[in-house]
*Asks:* 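Quick one: the structure is below, questions incoming.
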Amino acid sequence: MALQRLMSFFILYSILGYIPSLGVILRTTDKTVWANEFEPIELTCLIESISTNNPRIEWKKIQNGVPSYVYFQNQISGDLEHRAQLIQPANLLILNTSRADTAEYRCEVAAIDDHKHFDEILISLAVRVKPVVPRCSVPVAVTVGTSSELRCLENEGFPASQYRWFHNNEELPQDPKSSPKFINSTYSINADTGGLKFRRMRKEDAGEYYCQAKNVAGHAQCPTQLMDVYDVDIVGIFLKVLAALAGLIVVMVGVCHVYKHHCFSSGKDHTGTNYKLPSQDDGVDYAEADEGHFRHKSSFII
Ligand SMILES: *[C@@H]1O[C@H](CO)[C@@H](O)[C@H](O)[C@H]1NC(C)=O
Ligand SMILES: *[C@@H]1O[C@H](CO)[C@@H](O)[C@H](O)[C@H]1NC(C)=O
């Protein structure tokens, strides 16, 4: 029984798989294809064997799991219209790739007269995109001994850009310890995020900086920016000046306090006499009136 079943399975298998004239079989030269944006690329769908004269050929684009027609009823459709053509036997030639073409493409061939009348092949296309000019942030001035980070980023490049930093037109090595020139510098570079981080700024770290974003499709760099490193703390000086001013005010108030009599009496003597006395009297009058009124009211209520 088992042997019989195995035999029939083997026979069926040899009919479907080993006798090519009875079935359509597709092949591609590349299942994973890279192209540069704005350049042509051909996705190959080679028909290894077929008996049907006029097979039905279709191409579908599958992006985020959603299929859409690229070649259907003998014409290019969808977003590849006017940008692609079918090359015999079933290759898809994209004339001017765009970054939006990054997707999976499925070549499907249906051959009605063949025993195995359908085959498909999946090709994944990735379109490389050149980096654009990265946005760089370099502080204009920092203080010796402080930590600081220089940043560099661009989001267009595909695959994602790697970043390199240049100091006075010389590339900073990934590890400062690896170069005698930068051995005393405390920076570290994150090539993936574009960060250039200094743990402690030195006078020698001052200078012109720029950053380069690079991937297989190309590279771009931001304009040079100057960074100064001061060995005096400008913020600290500002705070000290503030503190000194505050101290001066405290001293003046203190002096005034000691000569309180003088400070206050002089004010009263000169400007207060004529003006303040009546107003003080008014105040007392009102207070008394209010108090009496209130007492009267409250006693009345009780
Ligand atoms: C390719 O497409 C881009 C924009 O879609 C266009 O600017 C460029 O001129 C095209 N190149 C060719 C060779 O058709
Ligand atoms: C690094 O520091 C050491 C010790 O302070 C010094 O002798 C050397 O000259 C410095 N090297 C550079 C390149 O600044």
Side-chain angles (χ1 to χ4, degrees), residues 30-43 61-64 79-80 83 94-105 123-144 146-230:
D30 265 316
K31 277 186 164 291
T32 307
V33 180
W34 282 90
N36 292 329
E37 194 173 36
F38 309 129
E39 286 177 13
I41 188 74
E42 190 167 349
L43 308 180
K61 174 183 181 178
I62 301 135
Q63 209 165 23
N64 305 319
D79 56 3
L80 279 184
R83 277 202 301 131
I94 302 176
L95 298 164
N96 184 2
T97 55
S98 94
R99 61 194 68 188
D101 296 339
T102 294
E104 307 226 274
Y105 291 82
I123 298 169
S124 95
L125 170 67
V127 179
R128 301 184 190 105
V129 180
K130 285 188 184 125
V132 293
V133 172
R135 280 167 283 116
C136 294
S137 83
V138 176
V140 173
V142 292
T143 308
V144 163
T146 59
S147 68
S148 198
E149 186 173 3
L150 282 64
R151 278 188 276 266
C152 177
L153 192 68
E154 70 85 34
N155 287 317
E156 300 289 314
F158 183 80
S161 288
Q162 293 282 300
Y163 299 92
R164 304 195 292 166
W165 277 95
F166 293 78
H167 176 234
N168 295 337
N169 286 320
E170 191 174 338
E171 186 182 352
L172 289 175
Q174 194 69 32
D175 178 13
K177 300 276 174 290
S178 69
S179 145
K181 189 165 179 191
F182 297 104
I183 194 149
N184 292 336
S185 194
T186 62
Y187 72 79
S188 59
I189 296 178
N190 188 328
D192 297 326
T193 64
L196 168 62
K197 210 179 241 170
F198 289 86
R199 267 189 297 114
R200 283 187 306 103
M201 279 291 182
R202 304 171 312 140
K203 284 290 274 183
E204 293 84 350
D205 295 324
E208 293 182 332
Y209 284 89
Y210 71 85
C211 157
Q212 184 193 66
K214 189 178 186 207
N215 68 10
V216 282
H219 57 81
Q221 65 195 49
C222 62
T224 300
Q225 293 177 48
L226 193 67
M227 182 181 81
D228 260 334
V229 180
Y230 293 104

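Residues: numbered from 1 along the sequence shown. Note that this is a predicted model, so its numbers are computed, not measured.
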*Asks:* For a quick test of reading the model, state the closest non-hydrogen atom pair linking Val229 to Met201 and the distance between them.
*Replies:* CG1-CB, 4.3 Å

*Asks:* State whether the number of non-hydrogen atoms from other residues, nucleotides or ligands found under 6.0 Å of Lys61 atom NZ is greater than 12.
*Replies:*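 Yes, NZ of Lys61 has more than 12 neighbouring heavy atoms, counting only those of other groups under 6.0 Å.
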
*Asks:* Below 30° counts as parallel, above 60° as perpendicular, anything between as tilted: where do the rings of Tyr210 and Phe166 land?
*Replies:* parallel

*Asks:* Distance check, rounded to the nearest 0.5 Å: Leu150 atom CG versus Tyr187 atom OH?
*Replies:* 12.0 Å

*Asks:* Do any N or O atoms from the side chain of Ser124 and from the backbone of Thr32 form a donor-acceptor pair under 3.5 angstrom?
*Replies:*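 Answer holds: no.
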
*Asks:* Would you check if there is a donor-acceptor pair between the side chains of Asp192 and Gln162 at a distance under 3.5 Å?
*Replies:*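 Note: Gln162 and Asp192 side chains meet the donor-acceptor criterion.
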
*Asks:* Just jot down the salt bridge (Lys or Arg N to Asp or Glu O under 4.0 Å) partners of Asp30, sequence neighbours excluded, or say none.
*Replies:*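 Partners of Asp30 under the salt bridge (Lys or Arg N to Asp or Glu O under 4.0 Å) test: none.
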
*Asks:* Has the side chain of Gln225 got a donor or acceptor atom that lies under 3.5 Å from a matching backbone atom of Ser137?
*Replies:*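 Not a single qualifying donor-acceptor pair exists.
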
*Asks:* Which atom names give the shortest non-hydrogen contact between Pro134 and Cys222, and what distance separates them?
*Replies:*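 So the two residues come closest at O-CB, 3.4 Å.
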
*Asks:* Sulfur to sulfur, is the gap between Cys152 and Cys136 shorter than 2.5 Å?
*Replies:* no

*Asks:* Rounded to the nearest 0.5 Å, what's the gap from OG1 on Thr102 to CZ on Phe158? Could you check?
*Replies:*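 If we round to the nearest 0.5 Å, Thr102:OG1 and Phe158:CZ are 5.5 Å apart.
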
*Asks:* Could you check Leu226 against Glu208 for side chain to side chain contact (heavy atoms under 4.5 Å, CB included), going step by step and ending with a plain yes or no?
*Replies:* CA-CA 4 Å; Leu226 193 67; Glu208 293 182 332; 3.7 Å; yes

*Asks:* Other residues, nucleotides and ligands only: do more than 12 of their heavy atoms fall within 6.0 Å of NZ on Lys197?
*Replies:*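 12 or below, so no.
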
*Asks:* Considering non-hydrogen atoms only, spot the tightest contact between Pro131 and Ala220 and give its length.
*Replies:* O-CB, 3.7 Å

*Asks:* Keeping Trp165 on the side-chain end and Gly194 on the backbone end, is there a donor-acceptor pair under 3.5 Å?
*Replies:*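 Side chain of Trp165 to backbone of Gly194: a pair is present.
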
*Asks:* With a 4.5 Å limit on heavy-atom distance, are the side chains of Arg128 and Asn215 in contact?
*Replies:*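 Answer no - side chains too far apart.
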
*Asks:* When you measure from the side chain of Tyr163 to the backbone N and O of Glu154, does any donor-acceptor pair fall under 3.5 Å?
*Replies:* yes

*Asks:* Rounded to the nearest 0.5 Å, what separation is found between the CZ atom of Arg164 and the CD atom of Gln221?
*Replies:* 9.5 Å

*Asks:* Ser161 and Gly157: which non-hydrogen atoms are nearest, and at how many Å?
*Replies:* OG-CA, 4.3 Å

*Asks:* Rounded to the nearest 0.5 Å, how far apart are CG of Asn190 and CD of Glu149?
*Replies:*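 These two atoms lie 8.5 Å from each other.
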
*Asks:* Over all heavy atoms of both residues, which pair between Thr193 and Leu153 is shortest? Give the atoms and the distance, please.
*Replies:*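 Shortest heavy-atom contact: O-CD1, 4.0 Å.
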
*Asks:* If you round to the nearest 0.5 Å, how far is OG1 of Thr186 from CZ of Phe198?
*Replies:*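 Separation between the atoms: 7.0 Å.
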
*Asks:* Just by distance, do the side chain of Glu104 and the backbone of Ile62 share a donor-acceptor pair under 3.5 Å?
*Replies:*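 A pair under 3.5 Å: no.
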
*Asks:* Where the side chain of Glu37 meets the backbone of Arg99, is there a donor-acceptor pair that is under 3.5 Å apart?
*Replies:*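 Confirmed, Glu37 side chain pairs with Arg99 backbone.
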
*Asks:* Would you say Asn96's side chain and Arg83's backbone share a donor-acceptor pair under 3.5 angstrom?
*Replies:* no

*Asks:* Could you pull out the closest heavy-atom pair between Ile189 and Leu196, with the gap in Å?
*Replies:*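 Closest pair (atom of Ile189, atom of Leu196, distance): CG1-CD1, 3.6 Å.
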
*Asks:* Out of curiosity, Ile41 CD1 to Asp101 CG, how far, rounded to the nearest 0.5 Å?
*Replies:*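 Answer rounded to 0.5 Å: 11.0 Å.
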
*Asks:* Under the side chain to side chain contact (heavy atoms under 4.5 Å, CB included) test against Val33, which residue among Val127, Leu125, Ile94 passes?
*Replies:* Leu125

*Asks:* Treating Ser185 as the side-chain partner and Phe182 as the backbone partner, does any N or O pair qualify as donor plus acceptor under 3.5 Å?
*Replies:* no

*Asks:* May I ask you to test the Glu204-Asn184 pair for a side-chain heavy-atom distance under 4.5 Å?
*Replies:* no

*Asks:* Could you tell me whether Arg200 atom CZ has more than 12 heavy atoms of other residues or ligands within 6.0 Å of it?
*Replies:*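 Counting other residues, nucleotides and ligands, CZ of Arg200 stays at 12 neighbours or fewer.
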
